[in-house]
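What follows is a short report on a single structure.
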Number of protein chains: 2
Amino acid sequence: MTDANVGGRVTIYDVASKAGVSTATASKALNDTGRMAAETRARIRRVAEELGFRPNALARSLTSKRSFTVGLLTDDIYGRFTLPVMAGVSEGLIDQGVSVFLCSVGGDPALARIHLDAMLDKQVDGIIATGKRVDRPLPIDFSAVPVPVVYVLTEGPAEAITLVPDERQGAREAVRHLIQRGCRRIAHITGPEHFLVVRERALSYRQTLEAADLRVPAADVLYGTWSEHWGHEAVARLWSFDERPDGIFCGNDQIARGVMDALRERGAAIPHDVAVVGFDNWEIVAEETRPPLTTIDMNLKELGRQAGLTLVRLVNGEEIEKGLLQLPCKLVVRSS
Amino acid sequence: MTDANVGGRVTIYDVASKAGVSTATASKALNDTGRMAAETRARIRRVAEELGFRPNALARSLTSKRSFTVGLLTDDIYGRFTLPVMAGVSEGLIDQGVSVFLCSVGGDPALARIHLDAMLDKQVDGIIATGKRVDRPLPIDFSAVPVPVVYVLTEGPAEAITLVPDERQGAREAVRHLIQRGCRRIAHITGPEHFLVVRERALSYRQTLEAADLRVPAADVLYGTWSEHWGHEAVARLWSFDERPDGIFCGNDQIARGVMDALRERGAAIPHDVAVVGFDNWEIVAEETRPPLTTIDMNLKELGRQAGLTLVRLVNGEEIEKGLLQLPCKLVVRSS
DNA sequence: CTGAAAGCGCTTACAG
DNA sequence: CTGAAAGCGCTTACAG
């Protein structure tokens, strides 16, 4: 038996010829479309299997107008936030045979344009725009893009579909956890106030305390930087007051680490004297603190998965409500 | 003036028709192939520009047998090592119009197979396999893959092209830096001995000391885990000996952070009493230590860029020497 | 139930 | 110098 084509991969023509049918029939058999004798269909499939036939997705896309490909643009390839998002997108879409183009464009509009055009030339079915801050847009405008766009963890236009973690709910879970542990004087040490998430979390912190009839402590919210150093320093500041907190809700896990270091240096037992809750569940930090850190997980992978699934629904022409979609965060209880 | 096709994107047919030539001529004009009157070429290009013509890459690939697409498989989407690699690949290839499919497969061979097949169906021109450990292969065998494969930061078969950082050179730079600073009793606190990089760095550490006629200290190499905690503990162990080191080369930046915390607690001034060098240049750690950490950067982005360029050369049929390619690391001097 | 024909949007020999 | 034709590998009406 000789192959019909020389050195090439096996095509639907090879399958059809070996099965003694036309390529049209072979196509229908393999795609389970049209009507034909069950026996014919089975035979064609058997032959395809034997030959190891894999359809050329490019050729298929040319007629079907679907490439089963989406583009993922990010301005933050190094950051740890968008990575789980990407993994979630990829994981959520592979079941549907969709592959993901990745590109990181930093803050460069020209580079973003080039990458976006390259993807559109390759006929992506849709675009996912993702970043590291929910209150900053990517350096490029997607409004003229001829395919659906979904925004994740970045600022999208008002009429777009944007997926973000539910920051308020996350902060509420954190503070409630501290209250349930018996804390009555709960402080909040967090990042720079110009971050939207910082303001959201701080607002929710206050509301949760008030809802529990707990007085907001004198020091209230301490804004600073996203660093261990700031956590350290903020504790020094808090400890200069008479009334010291018995619980600290931190704006991220790095701050929490600095806070815990400082508490240990002051001889405060964690969580006995002061309980600490972080934010991010950045495992490499949260599992390394002494004791391991209780914190809030933003479910970023799930966020990515939902974004991918939503995008595919848009591609399929489904009507989906526009606007901001906030997905719940999850408290991860460790020992702090 | 009316568009020839309804609601669709503009095709080469539209360009040809508006320019009053055949699609063959239009194609040649736009691709700068064939011979034709300069005026004709210019006119066709002008029309294409006016119409905003962007060639459909799928259609082009179908004839040209080049998709200008490569697949990137990783087992480590969360890790910070493969991410710069990916960014480098993407950055290195965009100039040639090549887009990158990303997929993370964890350790799952079945998932890897599915992703790989999906990419091959989409006619990727080549594959980059990347991971988090140079001494562990991905959970899938690429030997039957019909396109070139390049391995980066993962174990590939002997006859393959594999790119990794030059661990020995990196370690040498670190130790030499300490020697130049005047350190004479240099210890090495590092990760688990079953990591190849740990053994490579330790070997290079010893060779460099010997080459400088410096005695390897009693404690020699301390193997442990990749954690701050271990750095902390290792210092305690070293400080139990009579002769204490005046320089410490750490196997990674996290260990270095633990070491520095421990030194500070013991009242040792950094770098005056004890100088510290890390490994990885994980900026989020290295810039946060007190003082900021001098460390070794593995140039991972450049590694990725080289991998991408190498892959494209293979795709173009160039002959490239097989085997392990080690790219140099770089000392980043901060204040420790 | 099955096949011939046309077409997706390009490119590439081959004629003229 | 330019164009008609064939082809890349599929799918999709349309006939029969």
Side-chain angles (χ1 to χ4, degrees), chain A residues 3-45 47-48 51-68 97 120-123 125 146, chain B residues 3-45 47-48 51-68 97 120-123 125 146:
Chain A
D3 278 325
N5 59 346
V6 207
R9 307 194 186 162
V10 16
T11 72
I12 201 170
Y13 179 83
D14 301 322
V15 175
S17 129
K18 187 166 176 200
V21 296
S22 71
T23 60
T25 304
S27 172
K28 273 175 286 192
L30 296 170
N31 292 309
D32 218 356
T33 54
R35 305 189 45 69
M36 80 183 61
E39 195 280 324
T40 311
R41 200 182 290 274
R43 177 164 44 89
I44 294 170
R45 291 199 165 174
V47 170
L51 259 34
F53 171 68
R54 308 256 346 165
N56 181 327
L58 262 34
R60 192 205 295 257
S61 300
L62 202 55
T63 43
S64 69
K65 304 292 176 197
R66 281 283 300 273
S67 67
F68 291 92
L120 291 174
D121 289 350
K122 282 163 188 141
Q123 313 298 120
D125 295 328
Chain B
D3 278 325
N5 58 345
V6 208
R9 307 193 186 161
V10 17
T11 71
I12 200 170
Y13 179 84
D14 301 322
V15 175
S17 128
K18 188 166 177 202
V21 296
S22 71
T23 59
T25 304
S27 172
K28 274 175 287 191
L30 296 170
N31 292 309
D32 218 356
T33 55
R35 306 189 46 68
M36 78 182 61
E39 195 279 324
T40 312
R41 202 183 288 274
R43 177 166 42 91
I44 294 170
R45 291 197 166 176
V47 170
L51 258 35
F53 171 68
R54 307 257 345 165
N56 180 328
L58 262 33
R60 191 204 295 258
S61 300
L62 202 55
T63 44
S64 70
K65 304 293 176 195
R66 282 283 301 271
S67 67
F68 290 91
L120 291 174
D121 289 350
K122 281 159 188 147
Q123 312 300 119
D125 296 327

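Reminder, nothing fancy here: chain letters follow the sequence lines and each chain counts from 1.
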Query - Whole-Å gap separating P (C/dG7) and CD1 (B/I12) - result: 18 Å
Query raised in the report: Reckon A/T40 touches a base, only the sugar-phosphate, or nothing at all at heavy-atom distances under 4.0 Å?
Result: sugar-phosphate
Report summary line: Minimal heavy-atom distance between B/L51 and B/V10, with the atoms involved, is O-CG1, 3.3 Å
Report task. Calculate, to the nearest 0.5 Å, the distance between atoms NZ and CD1 belonging to B/K18 and B/I44 respectively. Result -> 13.0 Å
Report task. Identify whether any heavy atom of A/S64 sits under 4.0 Å from a base atom; if not, whether one sits that close to sugar-phosphate; answer base, sugar-phosphate or nothing. Result -> nothing
Query raised in the report: Dot-bracket for DNA chain C, 5' to 3', counting Watson-Crick or G-U wobble pairs under 3.5 Å, with [ ] for crossing pairs and | for inter-strand pairs?
Result: |||.||||||||.|||
Query raised in the report: A/R43 has an atom CZ; how far is it from atom P of C/dT2, in whole Å?
Result: 8 Å
Query raised in the report: Pick the nucleotide of DNA chain D nearest each of B/S22 and A/R54; which residue has the one closer to the 5' end?
Result: B/S22
Query raised in the report: Expressed in angstrom and rounded to an integer, what is the separation of A/I44 atom CD1 from D/dT11 atom P?
Result: 12 Å
Query raised in the report: Will you find, in the side chains of B/T25 and B/S22, an N or O donor that is under 3.5 Å from an N or O acceptor?
Result: yes
Query raised in the report: DNA chain D: B/A38 or B/L62, which has the more 5' nearest nucleotide?
Result: B/A38
Query raised in the report: OP1, OP2 of D/dC8 versus side-chain N and O of A/N56: anything below 4.0 Å?
Result: no
Report summary line: CG (A/L120) and CG (B/N56) are apart, to the nearest 0.5 Å, by 11.5 Å
Requested in this report: Rounded off to whole Å, could you give me the CG-to-C1' distance for the B/L30 and C/dG9 pair?
Outcome: 13 Å
Please write out the pairs of protein N or O atoms and N or O atoms of nucleotides 13-16 of chain D separated by less than 3.5 Å, giving the distance to one decimal.
none

Report task. Please check the phosphate of C/dT11 (OP1 and OP2 only) for any side-chain N or O of B/S27 closer than 4.0 Å. Result -> yes
Requested in this report: Could you check how far CZ of B/R60 sits from C1' of D/dC10, rounded to whole Å?
Outcome: 20 Å
Report task. In whole angstrom, give the distance that lies between atom CG of B/D121 and atom C1' of D/dC8. Result -> 17 Å
**Report entry** Side chains of B/F68 and A/K122 in contact at under 4.5 Å (non-hydrogen atoms)
**Finding:** yes
Requested in this report: Go through the steps for A/F53 and A/I12 under the test side-chain contact (heavy atoms from CB on, under 4.5 Å), then give the verdict.
Outcome: CA-CA 7 Å; A/F53 171 68; A/I12 201 170; 3.9 Å; yes
Requested in this report: Mind calculating the distance between CZ (B/R41) and P (D/dC1) to the nearest angstrom?
Outcome: 10 Å
Query - Distance in angstrom units between B/R66 CZ and C/dC10 C1', rounded - result: 16 Å
Query - Closest to the B/M36 side chain, choosing from D/dT2, D/dT12, D/dC8 - result: D/dT2
Report task. Could you check if a side-chain atom of A/L58 sits within less than 4.5 angstrom of a side-chain atom of B/K65, using non-hydrogen atoms only? Result -> no
Query - Which nucleotide in D/dG3, C/dC1, D/dC10 has an atom nearest any side-chain atom of A/A59 - result: D/dC10
Query raised in the report: Is a side-chain N or O of A/T40 found less than 3.5 angstrom from the main chain of A/M36, in a donor-acceptor match?
Result: no
Report task. Could you tell me whether the side chain of B/Q123 reaches within less than 4.5 Å of the side chain of B/S61, counting heavy atoms only? Result -> no
Report task. Return each pair, listed once, that meets salt bridge (Lys or Arg N to Asp or Glu O under 4.0 Å) where at least one residue sits in residues 24-34 of chain B; pairs must be two or more places apart or across chains. Result -> B/D32-B/R41, B/D32-B/R45
